[in-house]
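Here the structure is a predicted model, which means the values were calculated and not measured. Any value given below was found using the heavy atoms of this structure, including those in side chains, with hydrogens, waters and symmetry copies removed. So you know, we letter chains A, B, ... as the sequences are listed, proteins then strands, and number each from 1.
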There are 2 protein chains.
Amino acid sequence: MRRDIFQAIADPSRRAIIALIAMQAMTPNAIAEHFDTSRQAVSKHLKILTECELITNQQVGREIYYRLEIDKMKEIDQWLEQFKKIWETKFEQLDNLLQTIQKKENEK
Amino acid sequence: MRRDIFQAIADPSRRAIIALIAMQAMTPNAIAEHFDTSRQAVSKHLKILTECELITNQQVGREIYYRLEIDKMKEIDQWLEQFKKIWETKFEQLDNLLQTIQKKENEK
DNA sequence: TAAATATGAAACTAATTGGTTGCAAATGTA
DNA sequence: TACATTTGCAACCAATTAGTTTCATATTTA
């Protein structure tokens with residue numbers, strides 16, 4: 001089961017968990033209190049998030065604290081880079097459809 | 001079937017399609033040539049991307065050109081904003097687990 | 001030591017996913 | 001008009017997903 005950061009954030013519950021533990025580490029029980037689902041369901045989400053290294057955990061007594069690995073979140077931003085180049089320059093104002101058709105015409 | 005931008009980019013094929021048409025609009029046939037899968041599979045991906053408004057299309061004769069709606073991509077960036085605040089400030093250097101435990105101690 | 005608490009894992013299920021093949025509709029071309 | 005091209009849609013299928021319930025293990029507490 002290959003885990004992927006984009007697949008991990010596809011689920012709304014997982015995005016909510018990520019946002020929840022972003023500022024401070026939390027235990028599975030504490031996280032589950034914020035949702036309607038069972039603790040076990042949260043636990044499965046935490047497992048998936050751990051597998052793709054978006055979160056890590058640390059045991060303290062019988063509690064296990066989960067925290068966000070903020071550096072991993074940067075990978076999403078890195079993927080967006082290629083599109084930022086498009087929307088940050090004024091390139092977006094050109095009609096790429098017209099470009100495509102014109103190019104095709106020129107090839108004839 | 002609720003379509004969501006995060007669910008849309010979860011699939012690697014769809015991310016590839018997005019990157020492919022980012023600079024210039026393309027027809028389903030042209031897009032499919034870049035992949036191993038069938039034209040119909042590409043068509044289904046285009047449908048999903050259209051449903052969440054990440055792409056739009058325009059018919060020219062019997063061809064249909066699909067283009068990226070770059071503004072919609074910004075929504076991913078907007079979601080990332082909350083985490084950028086964390087990684088851009090040096091807040092990340094604080095150990096949030098220690099914070100949490102200390103806070104808990106203080107509450108006793 | 002016994003009971004309570006915190007957690008993960010396994011087994012099961014209904015719904016969704018991503019792919020396929022086959023077909024119909026619309027448009028362009030000979 | 002007849003035929004080729006471009007496309008979307010429906011039906012089907014195997015794999016995956018997100019949830020549940022049940023159970024086992026480890027740690028703290030009475």
Side-chain angles (χ1 to χ4, degrees), chain A residues 1-18 20-21 24-52 54-67 97 100-101 104-105 107-108, chain B residues 1-18 20-21 25-67 97 100-101 104-105 107-108:
Chain A
M1 218 169 301
R2 186 78 31 85
R3 291 299 175 192
D4 176 296
I5 192 172
F6 292 99
Q7 200 238 321
I9 64 164
D11 185 85
S13 301
R14 283 196 290 270
R15 286 202 302 282
I17 290 173
I18 289 171
L20 195 58
I21 66 173
Q24 71 170 29
M26 290 178 76
T27 65
N29 264 334
I31 295 167
E33 281 171 18
H34 288 78
F35 300 97
D36 285 337
T37 75
S38 67
R39 178 190 61 76
Q40 286 89 338
V42 169
S43 205
K44 282 181 82 171
H45 285 308
L46 292 173
K47 192 185 176 192
I48 290 167
L49 292 169
T50 302
E51 276 169 8
C52 72
L54 262 172
I55 65 175
T56 53
N57 66 73
Q58 191 170 339
Q59 187 156 357
V60 178
R62 65 185 161 189
E63 292 180 323
I64 300 179
Y65 286 87
Y66 285 85
R67 83 173 79 183
L97 175 58
T100 304
I101 295 170
K104 207 176 170 184
E105 286 298 315
E107 283 166 4
K108 281 186 182 168
Chain B
M1 217 170 299
R2 185 80 29 88
R3 291 300 175 191
D4 175 296
I5 193 173
F6 292 99
Q7 200 238 321
I9 64 165
D11 185 85
S13 302
R14 284 197 289 270
R15 286 202 301 283
I17 290 173
I18 289 171
L20 195 58
I21 66 174
M26 291 178 76
T27 66
N29 264 334
I31 294 167
E33 280 171 17
H34 289 77
F35 300 98
D36 286 337
T37 76
S38 68
R39 178 190 59 76
Q40 285 90 337
V42 169
S43 205
K44 283 181 83 171
H45 285 308
L46 291 173
K47 192 184 177 194
I48 289 167
L49 292 169
T50 302
E51 277 170 9
C52 72
E53 299 176 306
L54 261 172
I55 65 175
T56 54
N57 65 73
Q58 191 170 339
Q59 188 156 357
V60 178
R62 65 185 161 188
E63 293 181 323
I64 300 179
Y65 287 86
Y66 285 85
R67 84 172 79 183
L97 174 58
T100 303
I101 294 170
K104 207 176 169 184
E105 286 298 315
E107 283 166 3
K108 281 186 183 169

By side chain to side chain donor-acceptor pair (under 3.5 Å), which residues pair with [X], not counting sequence neighbours?
X     : result
A:T56 : A:E69
A:R15 : B:D4
B:S38 : none

Grab the [atom1]-[atom2] distance between [X] and [N] for me, whole Å please.
X     : N      : atom1 : atom2 : result
A:I31 : C:dA6  : CD1   : P     : 14 Å
A:I55 : C:dG8  : CD1   : C1'   : 13 Å
B:L46 : C:dG19 : CG    : P     : 12 Å
B:Y65 : D:dG8  : OH    : P     : 13 Å
B:I64 : C:dA25 : CD1   : P     : 16 Å
A:Q7  : D:dA15 : CD    : P     : 17 Å
A:E63 : C:dA6  : CD    : P     : 7 Å
A:L49 : C:dG8  : CG    : P     : 12 Å

Residue B:I48, side-chain heavy atoms: nucleotide from C:dG18, D:dT7, C:dG8 that is nearest: C:dG18
Which residue lies more 5' along DNA chain D, comparing B:A30 with A:R14 via nearest heavy atoms: B:A30
Side-chain heavy-atom pair B:L49, B:R14 within 4.5 angstrom cut-off: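 The answer is yes; the side chains approach within 4.5 Å.
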Side chains of A:I48 and A:R3 in contact at under 4.5 Å (non-hydrogen atoms):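 Side-chain contact under 4.5 Å: yes.
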For B:F6, ring-ring contact (aromatic ring centres under 6.0 Å, His included) partners two or more places apart: B:W79
Any residue meeting side-chain contact (heavy atoms from CB on, under 4.5 Å) with A:I5, in chain and number order, not counting sequence neighbours: A:L54, A:K72, A:E75, A:I76
A:I31: side-chain contact (heavy atoms from CB on, under 4.5 Å) partners, not counting sequence neighbours: A:I17, A:L20, A:I21, A:M26, A:F35, A:V42, A:L46
Selection residues 39-48 of chain B - residue pairs positive for salt bridge (charged side-chain N to carboxylate O under 4.0 Å, His left out), sequence neighbours left out: none
Any B:N29 side-chain nitrogen or oxygen under 4.0 Å from OP1 or OP2 of D:dT5: no
Detail all sub-3.5 Å separations between protein N/O atoms and N/O atoms belonging to nucleotides 19-21 of chain D.
from, atom 1, to, atom 2, distance (Å)
D:dG19, OP2, A:H45, NE2, 2.3
D:dG19, N7, A:K44, NZ, 2.9
D:dG19, O6, A:K44, NZ, 2.4
D:dT20, OP2, A:S38, N, 3.2
D:dT20, OP2, A:S38, OG, 2.6

Contact pattern, 5' to 3', of nucleotides 24-30 of chain D - B, S or - by protein heavy atom under 4.0 Å: ---BB--
